[in-house]
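Each remark here refers to the structure printed beneath this line.
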Amino acid sequence: MKLDFEYGHGLMFCPGGSGGILAAYALSLFGRQIPEDISLIALEQTFFSRYGTPPQTTITPDYKAMASSVADVIESRIGGQKFPPRTVL
């Protein structure tokens with residue numbers, strides 16, 4: 001991924017796993033600071049991101065709701081029924 005800082009402040013969204021922590025570390029290797037040079041939003045568990053320096057903005061998925069939705073879809077498909085779309089964050 002190439003980041004262009006020529007035009008000012010940027011934003012990086014890091015989905016999944018420990019991507020936010022790893023991105024923050026990689027940015028620090030290139031002398032970039034969060035949030036001064038770039039905003040960082042991570043999709044991971046708050047447990048990990050709170051230990052970043054500075055603490056990260058984090059979106060933690062509702063894993064129980066996601067698992068429940070997947071189980072409902074599987075059950076519907078096995079029964080030959082259609083399952084209405086559902087958004088789970």
> How close do Phe83 and Ser76 get, heavy atom to heavy atom, and via which atoms?
Replying inline: CD1-OG, 3.3 Å
> What is the distance from atom CG of Leu40 to atom CD1 of Ile34, rounded to the nearest 0.5 Å?
Replying inline: 4.5 Å
> Which distance, rounded to the nearest 0.5 Å, do you find between the OG1 of Thr58 and the CD1 of Ile41?
Replying inline: 9.5 Å
>> Rounded at 0.5 Å granularity, tell me how far OG1 in Thr57 sits from CG in Leu43.
In response: 13.0 Å
>> Measuring from atom CZ of Phe30 to atom CG of Asp37, what distance do you get when rounded to the nearest 0.5 angstrom?
In response: 13.5 Å
>> Apply side chain to side chain contact (heavy atoms under 4.5 Å, CB included) to residues Leu27 and Ile38 and explain how you reach the verdict.
In response: CA-CA 9 Å; Leu27 287 165; Ile38 188 167; 3.7 Å; yes
> So, for Ala42 and Gly20, which heavy atoms are closest and what is the spacing to 0.1 Å?
Replying inline: CB-CA, 3.8 Å
>> Please say yes or no: joined through hydrophobic side-chain contacts below 4.5 Å, possibly via intermediate residues, are Met12 and Leu29 part of one cluster?
In response: no
> CD/Gln81 to CG/Asp72 distance, rounded to the nearest 0.5 angstrom?
Replying inline: 11.0 Å
>> Keeping Ser68 on the side-chain end and Lys64 on the backbone end, is there a donor-acceptor pair under 3.5 Å?
In response: no
> Are more than 12 heavy atoms from other residues, nucleotides or ligands located less than 6.0 Å from atom OH of Tyr25?
Replying inline: no
